[in-house]
Amino acid sequence: MSSTGGPPVFDHGDIAWVLASTALVFIMVPGIGYFYSGMARSKNALSLILLSVLSVAVVSVQWWLFGFSLAFGSSPSHFIGTFEHAFLMGVDNRTISMGVTTVPSDVYAIFQCMFAAVTPALAIGSAAERGRIIPMIIFIFVWTTLVYDVIACWTWNPDGWAARLGVLDYAGGTPVHIASGSAALAYAIVLGKRNGHGTDEFKPHNVANVVLGTALLWFGWFGFNGGSALAANGRAAMACVVTNLSASVGGLTWCLLDFRLEKKLSALGFCSGAVAGLVTITPGSGYVDYPAAVAFGFLGGLACNMAVRLKHIFNYDDALDVFAVHAVGGFVGNLLTGIFASQSIIKMIDPTETGGGWINRNWIQIAYQLTDSVAGMAYSFLMTFAILWIMDKIPGLSIRSDLESEAKGLDESELGELAYYHVDRLVCHTKRISGHDYADSVKQATIM
């Protein structure tokens with residue numbers, strides 16, 4: 001950037017890296033869709049993929065209208081921004097935003113837009129197989145405005161109360177993961193359990209889709225964490241390395257925990273653990289060194305694996321374990337950041353910075369991290385509960401599908417399209433043939 005007082009001059013390499021990272025984060029959206037789709041039953045597979053993609057469209061419009069301004073505009077309240085950048089006014093390739101001097105404000109805005117789009121796509125997973133789609137689209141818009149934008153403001157906006165307090169959250173432990181996981185828990189509670197929960201067997205219909213979704217998420221997470229450096233520098237490289245290491249350790253940890261019980265390796269278990277490792281390292285990815293990433297992956301995989309049991313203990317139906325992986329993983333990651341944040345890594349960007357975690361004897365840091373985590377979890381849960389409760393009282397916006405639609409599957413009842421139309425057609429054809437054969441055999445037996 002120019003230091004002569006003229007218009008800012010940006011490094012083209014930094015701009016290229018952040019734009020590439022934006023595309024990488026976008027890839028996470030179909031990754032979420034395929035991950036969730038594979039874990040659900042086949043009759044709901046297409047709706048989950050569609051909802052993930054719709055999240056990008058809905059949030060992109062919201063971000064243009066006022067979302068970016070609410071999250072990253074000036075914030076005298078230290079809680080939420082103003083409308084100064086509504087319709088992206090003042091956001092272009094000649095200005096900077098939020099003190100970010102490495103890239104112009106329009107690049108920063110589209111990068112942050114992808115974070116905002118991913119978050120509600122994660123949250124709605126708990127409503128799989130019984131949440132109505134049109135109310136869910138409206139929920140995405142409202143929730144992004146009242147929950148995500150607020151938490152993003154207080155965490156990443158320099159005027160936000162958490163940022164001013166000194167909370168360390170590099171890439172979204174609270175705004176993305178704790179917020180989405182807590183919202184998922186509220187959604188599951190308000191919706192109620194799926195019909196047949198506790199008696200029917202709800203097994204993933206396509207584990208191959210789960211593996212594909214995990215690969216897309218892992219791939220995209222390099223942009224999610226590495227791009228948060230907002231520059232093509234050593235900190236971005238370190239974020240990518242620790243992200244990959246934590247995901248690997250998390251996947252192996254979960255897989256071995258399941259092997260201990262079943263004596264079989266589980267592809268689903270490895271994928272769940274890898275995502276848990278990615279979630280856990282997110283808040284600390286720009287602050288911690290390589291050995292700490294192993295601890296993040298191991299403890300994140302362990303904690304999230306144990307947290308899956310919470311839905312059985314408290315008897316709620318989080319269909320795709322969003323709370324266990326994202327809320328718990330984000331919470332653990334925030335606390336571990338308060339322990340392992342390294343002053344030497346933080347100084348790579350700001351030589352005047354004197355912070356760090358417990359390893360630098362900054363004992364108060366974990367209290368800051370805990371405060372932010374609890375506040376984010378409570379705010380997201382309560383606001384989501386209120387939004388859904390109000391929506392459900394509005395005629396035409398009831399959030400739960402009826403029993404017939406649920407039994408038929410949301411793909412057919414709400415979309416009129418099927419993910420596996422050719423398979424279902426073949427099954428029906430086979431049943432007809434079998435029925436005719438049975439009728440013919442009964443007829444022949446009668447004649448004899």
Side-chain angles (χ1 to χ4, degrees), residues 31-32 35-40 48 118-131 172-174 176-194 197-198 202-204 207 210 213-214 217-218 221 246-247 249-258 260-262 266-283 296-336 373-374 376-378 380-381 384-385:
I32 294 167
F35 189 94
Y36 284 173
S37 171
M39 289 182 68
L48 288 166
V118 163
T119 308
L122 292 170
I124 58 180
S126 67
E129 306 194 333
R130 79 269 198 208
T174 301
V176 177
H177 297 298
I178 290 179
S180 64
S182 303
L185 178 61
Y187 215 139
I189 292 173
V190 175
L191 267 184
K193 301 171 193 173
R194 286 168 288 180
H197 183 265
F202 295 101
K203 281 201 168 186
V207 177
V210 178
T214 302
L217 285 168
W218 198 326
W221 229 290
S246 180
V249 174
L252 293 171
T253 299
W254 195 304
C255 201
L256 291 175
L257 286 170
D258 286 356
R260 176 179 58 90
L261 300 174
E262 304 291 339
S266 166
L268 179 62
F270 176 80
C271 291
S272 299
V275 173
L278 290 165
V279 169
T280 307
I281 194 62
T282 294
F296 274 75
F298 174 74
L299 294 174
L302 178 64
C304 294
N305 182 282
M306 298 300 178
V308 170
R309 295 161 174 75
L310 293 174
K311 66 181 181 182
H312 303 297
I313 297 172
F314 295 104
N315 198 27
Y316 61 88
D317 185 13
D318 182 354
L320 305 178
D321 296 322
V322 184
F323 177 78
V325 174
H326 292 277
V328 173
F331 202 101
V332 170
N334 276 354
L335 296 184
L336 291 177
S373 301
V374 172
M377 183 172 285
S380 179
F381 178 85
T384 304
F385 196 98

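- Summarising the geometry, atom CG belonging to L48 is positioned 10.5 Å from atom CE belonging to M39; distances are rounded to the nearest 0.5 Å.
- Evaluation of the salt bridge (Lys or Arg N to Asp or Glu O under 4.0 Å) test over residues 271-283, restricted to residues two or more places apart or in two chains, returns none.
- Sequence neighbours left out, not one pair with a member in residues 267-276 passes salt bridge (Lys or Arg N to Asp or Glu O under 4.0 Å).
- Residues V176 and L122 meet the side-chain proximity criterion, which asks for heavy atoms closer than 4.5 Å.
- One distance of note links CG of D258 with CZ of F270; it measures 12.5 Å at 0.5 Å rounding.
- Remark: R309 engages N305 in a side-chain hydrogen bond (donor to acceptor under 3.5 Å, both in side chains) (not counting sequence neighbours).
- Considering only heavy atoms from C-beta on, F381 stays 4.5 Å or farther from I178 through its side chain.
- Applying the salt bridge (Lys or Arg N to Asp or Glu O under 4.0 Å) rule to pairs touching residues 320-332 yields K311-D321, sequence neighbours excluded.
- The shortest heavy-atom contact between G173 and T282 is N-CG2, 4.1 Å.
- Evaluation of the side-chain contact (heavy atoms from CB on, under 4.5 Å) rule for C271 yields F35, V210, V211, T214 as partners, not counting sequence neighbours.
- Residue S180 comes nearest to V322 through the heavy atom pair O-CG1, 4.3 Å, listed as atom of the first residue, atom of the second, then distance.
- With a 4.5 Å cut-off on side-chain heavy atoms, V328 and M306 do not count as touching.
- For the residue pair F323 and A184, the shortest heavy atom distance occurs at N-CB, 4.5 Å.
- For Y187, the ring pair (Phe, Tyr, Trp, His ring centres under 6.0 Å) partners are F139, not counting sequence neighbours.
- In this structure, the side chains of L185 and D318 stay at 4.5 Å or more apart for every pair of heavy atoms.
- In this structure, the side-chain contact (heavy atoms from CB on, under 4.5 Å) partners of A183, at least two apart in sequence or on a different chain, are A123, W143, S380, T384.
- Nearest heavy atoms, L217 versus G31: CG-C, 4.1 Å.
- The two residues A121 and Y36 have their closest heavy-atom pair at O-CE1, 3.5 Å.
- For the side-chain contact (heavy atoms from CB on, under 4.5 Å) test, residues two or more places apart in sequence or in another chain that qualify with T253 are V249, L257, F298.
- Atom CD1 of I281 is separated from atom CZ of F296 by 4.5 Å, given to the nearest 0.5 angstrom.
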Worked check of side chain to side chain contact (heavy atoms under 4.5 Å, CB included) between T280 and L299
CA-CA 9 Å; T280 307; L299 294 174; over 6 Å; no
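- A 4.5 Å side-chain heavy-atom check between C304 and V308 finds every atom pair outside the cut-off.
- Closest heavy-atom contact between N334 and P283: OD1-CB, 3.1 Å.
- Not counting sequence neighbours, the partners of H177 by the ring pair (Phe, Tyr, Trp, His ring centres under 6.0 Å) test are W221, H326.
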